[in-house]
S.K.: 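The structure follows.
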Amino acid sequence: GQQLNQSPQSMFIQEGEDVSMNCTSSSIFNTWLWYKQDPGEGPVLLIALYKAGELTSNGRLTAQFGITRKDSFLNISASIPSDVGIYFCAGLTNTGNQFYFGTGTSLTVIP
Amino acid sequence: SQTIHQWPATLVQPVGSPLSLECTVEGTSNPNLYWYRQAAGRGLQLLFYSVGIGQISSEVPQNLSASRPQDRQFILSSKKLLLSDSGFYLCAWSVPPYEQYFGPGTRLTVT
């Protein structure tokens with residue numbers, strides 16, 4: 001099935017730095033979701049976006065639904081060690097029940 | 001509030017043995033249900049999804065099958081496991097406006 005292009009693939013940053021990652025698709029989506037997964041656990045939903053241009057925050061996390069509806073962005077401000085994990089984006093078209101996932105961004109925060 | 005359960009948490013099975021993984025959701029009605037497989041901590045592969053009792057859509061031809069005998073129960077099965085069936089199996093649910101939530105996962109090792 002379709003996979004979304006997610007970048008960067010991995011990031012190594014110093015504690016306190018800001019983080020940006022993005023997801024792009026060749027298809028238009030009606031919903032964008034961002035998840036964080038810790039080792040050995042299921043992904044946890046961080047932010048859901050439903051409208052083009054929408055900007056939504058969850059604590060230090062901010063995500064945006066791209067105007068073209070083909071991309072989305074996630075920013076983490078002032079990173080801390082517990083931000084370590086793999087971040088996934090997911091998109092849902094208006095025609096189906098299937099979610100399409102990005103390939104993931106592995107984040108390492110160096111204390 | 002809604003919760004999703006998966007069991008077992010870990011499983012070690014020999015090649016050729018049968019498999020049954022169970023997923024149940026509480027606190028919601030008529031959810032869409034999904035089975036994903038994840039290899040090496042990256043990349044979620046959609047295996048099956050269901051929009052109702054007895055309705056199963058298969059995304060990847062393989063050695064596995066799924067069933068939905070009750071509204072909030074989703075079962076992943078195999079008659080004979082292969083080495084390549086090893087992985088981290090995740091169940092998920094969604095309802096409009098289509099936020100998707102994952103269970104804790106089952107780590108399957110086929111020996």
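A note on names: the letters A, B, ... follow the listed sequences, proteins ahead of strands, and every chain is numbered from 1.
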S.K.: Side chain, backbone, both or neither: which part of B:L90 has a heavy atom under 4.5 Å from chain A?
M.R.: side chain
S.K.: Within the 3.5 Å criterion, strictly below it, is a donor on A:D71 or A:T24 matched to an acceptor on the partner's side chain?
M.R.: no
S.K.: Heavy-atom pairs under 4.5 Å with chain A are the metric here; pick the option from B:P104, B:A92, B:G105 that has the most.
M.R.: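 Heavy-atom pair counts peak at B:P104.
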S.K.: Please classify the contact between B:S94 and chain A as side chain, backbone, both or neither, with a heavy-atom cut-off of under 4.5 Å.
M.R.: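 Only the side chain of B:S94 comes within 4.5 Å of chain A.
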S.K.: Check whether the side chains of A:N30 and A:R69 place a donor and an acceptor atom closer than 3.5 Å, and report yes or no.
M.R.: yes
S.K.: For the side chain of A:S25 and the backbone of A:S27, is there at least one donor-acceptor N/O pair under 3.5 Å apart?
M.R.: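 Here the side-chain-to-backbone pair exists.
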S.K.: Of the listed residues (A:A48, A:P43, A:P39), which shares the most heavy-atom pairs with chain B below a 4.5 Å separation?
M.R.: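 So the answer, after comparing A:A48, A:P43, A:P39, is A:P43.
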S.K.: Testing B:S84, B:S77, B:S78 for side chain to side chain donor-acceptor pair (under 3.5 Å) with B:N63, which one passes?
M.R.: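 Exactly one pass, corresponding to B:S78.
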